[in-house]
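Only this structure's heavy atoms are used, side chains among them; waters, hydrogens and symmetry mates stay out.
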Amino acid sequence: NGDGRLIFQGAGNDPTTVFLKILSDPNNTGFARNYVRLGYQQEDTNLDGQLIFQGGSNDTSPIFINILSHPLNTSFSRNFTFMAQMP
């Protein structure tokens with residue numbers, strides 16, 4: 001969501017940002033969770049030019065994988081939060 005933190009579950013989480021952008025797309029008239037919004041956007045975590053909340057090549061799985069595999073998340077907690085690191 002651009003706040004410099006990666007959060008999968010809990011307040012201010014990043015998947016909710018993807019979910020809301022998908023549901024609020026004017027072309028998603030059926031409010032489908034697996035709707036594909038085309039074009040690069042800030043929420044496009046895998047940079048494939050498609051924003052997908054649920055389904056194949058979705059943009060929430062990379063968030064989940066990064067949270068679970070972070071070396072400081074020794075308890076594999078889904079609500080572990082870490083700050084973005086600038087080079």
Practice problem: Go through the structure and list residues passing salt bridge (charged side-chain N to carboxylate O under 4.0 Å, His left out) with Arg5, not counting sequence neighbours. | Solution: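 Here the qualifying residues are Asp3.
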Quiz item: Under the salt bridge (charged side-chain N to carboxylate O under 4.0 Å, His left out) test, which residues partner Asp48, sequence neighbours left out?
Solution: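 Asp48 satisfies salt bridge (charged side-chain N to carboxylate O under 4.0 Å, His left out) with no residue once adjacent residues are dropped.
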[X] (side chain) donor-acceptor with [Y] (main chain) under 3.5 angstrom:
X     : Y     : answer
Asn73 : Ile67 : yes
Asn58 : Gly55 : yes
Asp59 : Thr45 : yes

Could you grab the distance from atom [atom1] of [X] to atom [atom2] of [Y], nearest 0.5 Å is fine?
X     : Y     : atom1 : atom2 : result
Leu68 : Ile63 : CG    : CD1   : 12.0 Å
Gln54 : Ser61 : CD    : OG    : 10.0 Å
Asn13 : Arg78 : CG    : CZ    : 12.0 Å
Asp44 : Asn46 : CG    : CG    : 5.5 Å
Asn28 : Lys21 : CG    : NZ    : 13.5 Å
Glu43 : Thr60 : CD    : OG1   : 12.5 Å

Quiz prompt | Fellow cluster residues of Ile7, listed by chain then number, with links counted only when side-chain atoms sit under 4.5 Å apart | solution =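 In the cluster with Ile7 there is nothing else; it is isolated.
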Self-check item: Residues that, via side-chain heavy atoms closer than 4.5 angstrom, fall in one hydrophobic cluster with Tyr35
Solution: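 Result for Tyr35 is Val18, Phe19, Leu20, Ile22, Leu23, Phe31, Leu51, Phe53.
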Exercise. Would you indicate whether the side-chain heavy atoms of Leu6 and Phe80 approach each other to under 4.5 Å?
Key: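 Of all side-chain heavy-atom pairs linking Leu6 with Phe80, none is under 4.5 Å.
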Quiz item: Would a 4.5 Å heavy-atom cut-off, applied to side chains only, mark Asn27 and Thr29 as touching?
Solution: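 Asn27 does not reach Thr29 side chain to side chain.
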Quiz item: If you look only at pairs with a residue in residues 29-39, which of them pass as a salt bridge (Lys or Arg N to Asp or Glu O under 4.0 Å), with sequence neighbours excluded?
Solution: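 Checked against salt bridge (Lys or Arg N to Asp or Glu O under 4.0 Å) - neighbours excluded - the pairs reaching residues 29-39 are Asp25-Arg37.
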Practice problem: Identify, with sequence neighbours excluded, every residue that meets ring-ring contact (aromatic ring centres under 6.0 Å, His included) alongside Tyr40. | Solution: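 ring-ring contact (aromatic ring centres under 6.0 Å, His included) check on Tyr40 returns nothing, list empty.
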